[in-house]
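Note that the numbering runs from 1 along the sequence shown for the chain.
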Amino acid sequence: GYVGFRARVARIDVSPFVPTAAALASGARSTASERTDIGAALAGAPEGGAESFFAHALARWREFDGSLAYAAAWRELAPLAPTLPLLLYNRARVVDALLRHLAEPHTLARRALLDLLTHLARDLRGEFYPFFRPVVLFLAGTLLDPRDPTALEEVFTALSYLFKFCQRQLLADLPRVLTWYAASLLA
């Protein structure tokens with residue numbers, strides 16, 4: 001039935017846990033007991049023989065997201081990132097494609113694309129850092145809709161992972177990061 005705005009906002013869950021594959025497949029919100037700790041979920045190599053977490057997530061979301069928006073993104077991204085070396089080589093094109101597809105109004109693939117963005121940051125770490133500021137400003141400026149609790153949850157979750165995966169570079173560049181971050185918050 002109908003759920004009011006306040007109730008939807010109260011149910012927002014931005015946590016350091018990721019839903020299990022069963023929860024993703026069912027599409028239902030998972031409870032804390034059904035989630036895995038981010039450290040455990042992200043330890044080790046990607047599953048299924050994928051060479052990068054991005055390639056694994058790209059294939060996984062193809063199974064879970066049947067939207068035309070995701071299919072279009074997949075057709076553009078799949079040839080650019082089948083292996084980690086190719087992903088590294090094509091990193092600027094991959095970031096550009098992800099942001100372009102995310103910029104489409106009311107895209108049904110938002111959750112998948114944000115997840116891919118975080119996996120890209122995870123795979124590239126230091127190589128992703130030059131894109132960190134434009135990506136964060138894009139997410140905070142374009143996708144952050146205070147009237148859409150689902151978008152708020154998805155964007156803040158993506159932002160938290162981006163900060164996690166780039167923390168070493170952020171700490172090394174802290175004075176400059178604080179300057180642009182404070183300016184963007186006050187804008």
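For the atom pair CG of Asp123 and NE2 of His56, the computed distance is 11.0 Å after rounding to the nearest 0.5 Å. Interatomic distance, Leu120 CG to Leu113 CG, rounded to the nearest 0.5 Å: 12.0 Å. Between the CG atom of Leu99 and the CG atom of Leu117 there is a distance of 6.5 Å, given to the nearest 0.5 Å. Taking CH2 of Trp61 as the start and CG of Asp115 as the end, the distance is 5.5 Å to the nearest 0.5 Å. Here the CZ atom belonging to Arg111 is positioned 9.5 Å from the CG atom belonging to Asp65, to the nearest 0.5 angstrom.
In this structure, Val95 is not a member of the same hydrophobic cluster as Tyr89, with clusters built from ILVMFWY side-chain heavy atoms closer than 4.5 Å. Residues Val136 and Leu174 do not share a hydrophobic cluster, defined by chaining ILVMFWY side chains whose heavy atoms lie under 4.5 Å apart. Cluster membership check: Leu86 does not share its hydrophobic cluster with Leu84, using side-chain heavy-atom separations under 4.5 Å among Ile, Leu, Val, Met, Phe, Trp and Tyr. No chain of hydrophobic side-chain contacts below 4.5 Å, direct or via other Ile, Leu, Val, Met, Phe, Trp or Tyr residues, connects Leu143 to Leu108. By the criterion of side-chain heavy atoms lying less than 4.5 angstrom apart, applied directly or through intervening Ile, Leu, Val, Met, Phe, Trp or Tyr residues, Leu178 is not grouped with Val135; the two fall into different hydrophobic clusters.
A 4.5 Å side-chain heavy-atom check between Leu102 and Thr142 finds every atom pair outside the cut-off. Proximity of Phe54 to Val94: side-chain heavy atoms (C-beta onward) are separated by under 4.5 Å at one or more points. Between Thr107 and Tyr70 there is no side-chain heavy-atom pair separated by less than 4.5 Å.
For the pair Phe165 and Arg125, the tightest heavy-atom approach, listed with the atom from each and the gap, is O-CD, 3.4 Å. Among all heavy-atom pairs drawn from Ala57 and His119, the shortest one is CB-CD2, 3.3 Å. Across all non-hydrogen atoms, the minimal contact from Ala55 to Pro82 is CB-O, 4.2 Å. Closest approach of Pro146 to Leu144, counting heavy atoms only: CD-O, 3.6 Å.
Other residues, nucleotides and ligands contribute over 12 non-hydrogen atoms within 6.0 Å of the CZ atom of Phe163. In Leu171, the CG atom is crowded: over 12 heavy atoms of neighbouring residues, nucleotides or ligands sit closer than 6.0 Å.
A salt bridge is defined here as a Lys NZ or Arg NE, NH1 or NH2 lying under 4.0 Å from an Asp or Glu carboxylate O, and Arg133 with Asp173 fails to meet this definition.
The aromatic rings of Phe131 and Phe128 sit tilted relative to each other, their planes meeting at an angle between 30° and 60°.
Arg100 meets the salt bridge (charged side-chain N to carboxylate O under 4.0 Å, His left out) test with Glu76, Asp96; sequence neighbours excluded. For Glu127, the salt bridge (charged side-chain N to carboxylate O under 4.0 Å, His left out) criterion is met by Arg91, not counting sequence neighbours.
A side chain to side chain donor-acceptor pair (under 3.5 Å) with Arg110 is found for exactly one of Glu154, His101, Glu104, namely Glu154. Each of Leu124, Thr83, Leu87, Leu58 was compared with Ser52 under the side-chain contact (heavy atoms from CB on, under 4.5 Å) criterion, and only Leu87 meets it.
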Working note: Leu139 + Leu114, criterion side-chain contact (heavy atoms from CB on, under 4.5 Å); need CA distance, chi angles, decisive distance, verdict. CA-CA 9 Å; Leu139 294 179; Leu114 287 171; 3.5 Å; yes
